[in-house]
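If you read the sequence from its start, that first residue is 1, and numbering goes on from there.
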Amino acid sequence: MGRPDTSVFGGRSEDSVEIQRRMAGAQAYNRWLVDQVADWLGRRVVDLGSASGNITRLLLPRERLVALEPAGEHLAELTRRLGADPAVRILEGTLTEGMIAEIRSERPDTVASFNVLEHIEDDEAALRGMAALLGPGGHLALVVPALPVLYGSVDRVDGHYRRYTKKGLVRKAEAAGFRVASCRYMNLPGAFGWFLNYRILKLAYPPEGAVGLFDRLVPTIRTLERWLPPPFGQSLVLKAERV
């Protein structure tokens, strides 16, 4: 038997595409992720790991938006969604020295990445690459999955190497050359749902019915968490500045 088809990040291509398809319906949730860092985003943004563009499209309008995606199976949909916008540049690849130089020519003021760092085996090298894209004072906006105890079936299917603790994420960002402005949890109810679906039930994909139900609850959850920041949650949101 030949080697199974795998994406750049280690998960199977067909699994990645299916997960992206299901999460496309989570419009309120995807907007919530972007709104978590909206005040930290500048005019010229690099989105690292754009996949099919579920979140990338919400970063517009911008003076310039560079969408970097290494997994070829997502590029057709990403291009269909964003390719006609003159403010958008879509690049295929990873943060090699050549790619870093290419992106730096776009003069980015912000690097953003939503649920991507966990897919990269050497995440510390990836963070150093992000720092290399920016000049001093440039902004980094990260959303990553939180709490190693939640690591379950869909993490494995989607090619996740890890989930993060707040202390560990801050340490890695600082070691890469960033000064952390804030790092906080979001989506406390989602942590319980994740544990049930992927630690107990061991589902391979986000259940479409549950995704739709949760998305309808997002406005209420985000309002509550605005007033009462959660002590833990499904995700971590980090904002940092290039030293």
Side-chain angles (χ1 to χ4, degrees), residues 8-9 20 23-24 26-71 74-75 77-120 123 125-144 169 172-173 176-184 186 235-243:
V8 171
F9 293 131
Q20 283 290 306
M23 292 308 297
Q27 296 184 37
Y29 175 69
N30 291 334
R31 170 57 67 183
W32 187 22
L33 293 181
V34 172
D35 287 349
Q36 292 291 300
V37 297
D39 64 333
W40 204 245
L41 301 176
R43 296 179 299 115
R44 304 183 69 85
V45 175
V46 181
D47 181 42
L48 296 181
S50 298
S52 60
N54 288 342
I55 292 176
T56 312
R57 61 190 178 85
L58 302 178
L59 300 175
L60 292 167
R62 297 284 159 196
E63 179 181 301
R64 190 60 158 165
L65 176 60
V66 178
L68 179 65
E69 173 53 42
H74 293 304
L75 288 173
E77 181 64 11
L78 181 62
T79 301
R80 185 189 69 79
R81 286 175 162 179
L82 300 175
D85 191 319
V88 176
R89 183 179 182 190
I90 297 172
L91 296 173
E92 181 179 6
T94 58
L95 287 179
T96 61
E97 289 186 11
M99 183 63 76
I100 289 171
E102 183 70 24
I103 294 175
R104 279 186 64 90
S105 73
E106 298 285 355
R107 299 178 288 110
D109 55 35
T110 307
V111 172
S113 188
F114 298 88
N115 292 320
V116 172
L117 196 62
E118 67 275 10
H119 291 270
I120 303 173
D123 58 344
L127 284 165
R128 291 193 297 271
M130 295 177 195
L133 294 174
L134 297 167
H139 283 187
L140 172 68
L142 282 181
V143 178
V144 298
L169 183 61
K172 290 183 177 186
F178 292 99
R179 180 185 301 112
V180 174
S182 65
C183 185
R184 55 190 174 80
M186 67 170 285
S235 300
L236 278 166
V237 180
L238 180 138
K239 301 175 185 177
E241 186 177 66
R242 177 74 167 93
V243 176

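Taking the side chain as every heavy atom from C-beta outward, V237 and L33 never approach each other to under 4.5 Å. Counting heavy atoms from C-beta on, the side chains of C183 and L236 come closer than 4.5 Å. Proximity of H74 to T79: side-chain heavy atoms (C-beta onward) are nowhere separated by under 4.5 Å. At a threshold of 4.5 Å between non-hydrogen side-chain atoms, the residues V34 and V143 do not count as touching. Here the side chains of M99 and L68 are in contact, with some heavy-atom distance below 4.5 Å. Contact of the R89 side chain with the R64 side chain is registered, since non-hydrogen atoms from C-beta on lie closer than 4.5 Å. Considering only heavy atoms from C-beta on, R57 comes within 4.5 Å of L82 through its side chain. Counting heavy atoms from C-beta on, the side chains of F114 and L142 never come closer than 4.5 Å.
E69 CD to T56 OG1: the interatomic distance, rounded to the nearest 0.5 Å, is 8.5 Å. With rounding to the nearest 0.5 angstrom, the CZ atom of F178 is 6.5 Å from the CG atom of L127. Atoms NE2 and CG, from H139 and L41 in turn, are 9.5 Å apart once rounded to the nearest 0.5 Å. Atom CG of L140 is separated from atom CD of E241 by 11.0 Å, given to the nearest 0.5 angstrom. Going from atom CG of L78 over to atom CD of Q20 covers 10.0 Å, rounded to the nearest 0.5 Å. The distance from the OG atom of S113 to the CG atom of D47 is 6.5 Å, given to the nearest 0.5 Å.
Of the possible donor and acceptor atoms, one in the side chain of R104 sits under 3.5 Å from a partner among the backbone N and O of A132. In this structure, the side chain of D85 does not engage the main chain of P61 through any donor-acceptor pair within 3.5 Å. For R242 (side chain) and A131 (main-chain N/O), a donor-acceptor pair under 3.5 Å exists by modelled atom type. Not one N or O on the side chain of E77 forms a donor-acceptor pair closer than 3.5 Å with the backbone of S52. Listed for the S50 side chain is no donor-acceptor partner under 3.5 Å among the backbone atoms of G53.
The heavy-atom pair separating L95 from G129 by the smallest distance is CD1-C, 3.8 Å. In this structure, R31 and L58 approach most closely via the heavy-atom pair NH2-CD2, 3.5 Å. Nearest heavy-atom pair across W40 and A240 is NE1-O, 3.0 Å. Across L134 and P108, no two heavy atoms sit closer than the pair CD2-O, 3.8 Å.
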- Task: Test side-chain contact (heavy atoms from CB on, under 4.5 Å) on L48 and L117 and set out the steps.
- Result: CA-CA 9 Å; L48 296 181; L117 196 62; over 6 Å; no

- Pair V46-E106, side-chain contact (heavy atoms from CB on, under 4.5 Å): steps then yes or no: CA-CA 9 Å; V46 181; E106 298 285 355; over 6 Å; no

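A side-chain contact (heavy atoms from CB on, under 4.5 Å) with R44 is found for one member of T110, V66, D109, L65 and no other, namely D109.
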